[in-house]
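The model shown is predicted, which means the values in this text are computed figures rather than measured ones. Every heavy atom of this structure was used, including side-chain atoms; hydrogens, water molecules and symmetry mates were not. Note on naming: letters A, B, ... go to the chains in the order of the sequence lines (proteins, then strands), and numbering restarts at 1 for each one.
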Amino acid sequence: MPDKKLPLSWYRKEQVVTLAQNLLGKYLYSNINGQLTGGIITETEAYAGVTDKASHAYNGRRTTRTETMYHEGGISYVYFTYGMHHLFNVVTGPKAVPHAVLVRGIYPLTGCDVMLQRTGKKSINYQLTNGPAKLTKALGITRQQNGISLSGNTIWIEDHGIKIAKEHINATPRIGIDYAGEDALLPYRFVIDYQHYIH
DNA sequence: CCAGGGATGGACT
DNA sequence: GTCCATCCCTGGT
């Protein structure tokens, strides 16, 4: 059985905006508390490190929290927000380049019973994991998984050969970053255009 | 030490 | 459309 897991080299390129687009259609898995769960990545946002006012690492900010982002690409960056939500990011780029991609949505496929249990939902559909905090809840991801390698067996991403054509990717401004000034307008959010995949 | 705010989601009008 | 739960993170005393 071929290893479909993305190699660490995949994450270590400079072009975080391209990587955010290329993550669409990949399979995100977690194996947490002995439960395998996962789905297809459908929505991402790029956060372009020190030059991006929306990034936690803007202007080279280094804190206990943001230190994770300065690590070499291929690890997770999980942080807590709004007093109740965990958000999962993929750290990308070479060492000391604090780029990250926020995973904002997946289509649930693996371990659906577990994901229903974790979220308290009744039925499997795209709405189960179509938000950045919804998918971490379904996948069981918390800050305990902050900084872990994506080449391990806890959280990883696989390439199953699905290629999302550029024209089937919608690019929009990112969500919830009004504080970022002119950078709030950058088209760094990428969503699969479902219309082309439902028939 | 402490105040202010947040890369959200669910409930409700 | 509005409201708000809830607590970590940050920067400033």
Side-chain angles (χ1 to χ4, degrees), chain A residues 11 15-24 26 28 30 37 39 41-71 73 75-93 97-108 115-148 150 155 157 169-192:
Chain A
Y11 300 98
Q15 296 304 319
V16 63
V17 174
T18 300
L19 290 177
Q21 295 170 74
N22 290 347
L23 277 172
L24 296 176
K26 300 293 190 292
L28 172 64
S30 71
T37 52
I41 297 172
T42 57
E43 179 177 343
T44 60
E45 280 178 0
Y47 285 84
V50 300
T51 63
D52 180 356
K53 289 181 178 173
S55 169
H56 291 166
Y58 174 61
N59 204 22
R61 180 157 65 163
R62 293 186 92 112
T63 66
T64 308
R65 181 176 66 157
T66 65
E67 198 59 33
T68 306
M69 300 179 74
Y70 290 85
H71 194 279
I75 66 170
S76 72
Y77 171 46
V78 183
Y79 71 93
F80 188 79
T81 191
Y82 291 114
M84 58 183 76
H85 298 305
H86 300 274
L87 302 203
F88 169 72
N89 299 248
V90 174
V91 174
T92 70
V97 176
H99 291 174
V101 177
L102 170 66
V103 180
R104 291 189 54 87
I106 66 174
Y107 187 85
M115 292 196 282
L116 286 177
Q117 189 173 16
R118 283 174 176 157
T119 57
K121 296 288 175 58
K122 294 183 183 64
S123 57
I124 292 289
N125 57 49
Y126 77 100
Q127 294 187 26
L128 180 67
T129 49
N130 67 336
K134 293 163 104 175
L135 72 89
T136 56
K137 189 173 183 182
L139 295 176
I141 296 173
T142 68
R143 282 180 309 154
Q144 288 188 356
Q145 285 77 41
N146 181 47
I148 66 170
L150 301 180
I155 303 174
I157 299 173
I169 297 175
N170 293 328
T172 80
R174 293 167 291 181
I175 304 297
I177 54 154
D178 294 344
Y179 57 83
E182 67 274 19
D183 288 350
L185 300 175
L186 292 170
Y188 281 2
R189 172 175 176 244
F190 301 103
V191 188
I192 294 179

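The backbone N or O of A/G147 sits less than 3.5 Å from a side-chain atom of A/S76, completing a donor-acceptor pair.
Contacts of A/A54 with the nucleic acid, taken as non-hydrogen atoms under 4.0 Å apart, include base atoms. Using a 4.0 Å heavy-atom criterion, one finds that A/I175 contacts the sugar-phosphate atoms exclusively.
Applying the salt bridge (Lys or Arg N to Asp or Glu O under 4.0 Å) test to A/R104 and every residue at least two apart in sequence or in another chain returns A/E43, A/E45. Applying the side-chain contact (heavy atoms from CB on, under 4.5 Å) test to A/T172 and every residue at least two apart in sequence or in another chain returns A/R189. Shown here are the side-chain hydrogen bond (donor to acceptor under 3.5 Å, both in side chains) partners of A/Q144, two or more places apart in sequence or in another chain: there are none. Annotation: side-chain contact (heavy atoms from CB on, under 4.5 Å) contacts of A/F80 (sequence neighbours excluded): A/H86, A/R143. Partners of A/Y77 according to the side-chain hydrogen bond (donor to acceptor under 3.5 Å, both in side chains) rule, which considers only residues two or more places apart in sequence or in another chain, are A/H56. Legend: residues meeting side-chain contact (heavy atoms from CB on, under 4.5 Å) with A/N125, ordered by chain and number and at least two apart, are A/S123, A/Q127. Qualifying side-chain contact (heavy atoms from CB on, under 4.5 Å) partners for A/D183, counting only residues two or more places apart in sequence or in other chains: A/D52, A/K53, A/R174, A/A180, A/L186.
Protein chain A contacts DNA chain B over a range whose 5' and 3' limits, counting nucleotides with an atom under 4.0 angstrom from a non-hydrogen atom, are B/dG6 to B/dG10.
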- Message: Output the pairing pattern of DNA chain B as a dot-bracket string, 5' first, Watson-Crick or G-U wobble with both distances under 3.5 Å, | for cross-strand pairs, [ ] for crossing pairs.
- Response: ||||||.|||||.
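A 4.5 Å side-chain heavy-atom check between A/Y47 and A/V16 finds every atom pair outside the cut-off. Between A/V191 and A/I169 there is no side-chain heavy-atom pair separated by less than 4.5 Å.
Here the CD1-CG distance, from A/I41 to A/L23, works out to 5.0 Å after rounding to the nearest 0.5 Å. The distance from the OG1 atom of A/T92 to the CG atom of A/N22 is 11.0 Å, given to the nearest 0.5 Å.
Residue pairs satisfying the salt bridge (Lys or Arg N to Asp or Glu O under 4.0 Å) criterion with at least one member in residues 120-136 of chain A, sequence neighbours excluded, are absent.
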- Any chance you could list the contact pattern along nucleotides 1-13 of chain C? Use B for base contacts, S for sugar-phosphate-only contacts and - for none, protein heavy atoms under 4.0 Å, 5' to 3'. ----BBBSSSS--
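For DNA chain B, the residues of residues 116-129 of chain A within the heavy-atom distance limit of 4.0 Å (strictly under) are A/K121, sorted by number.
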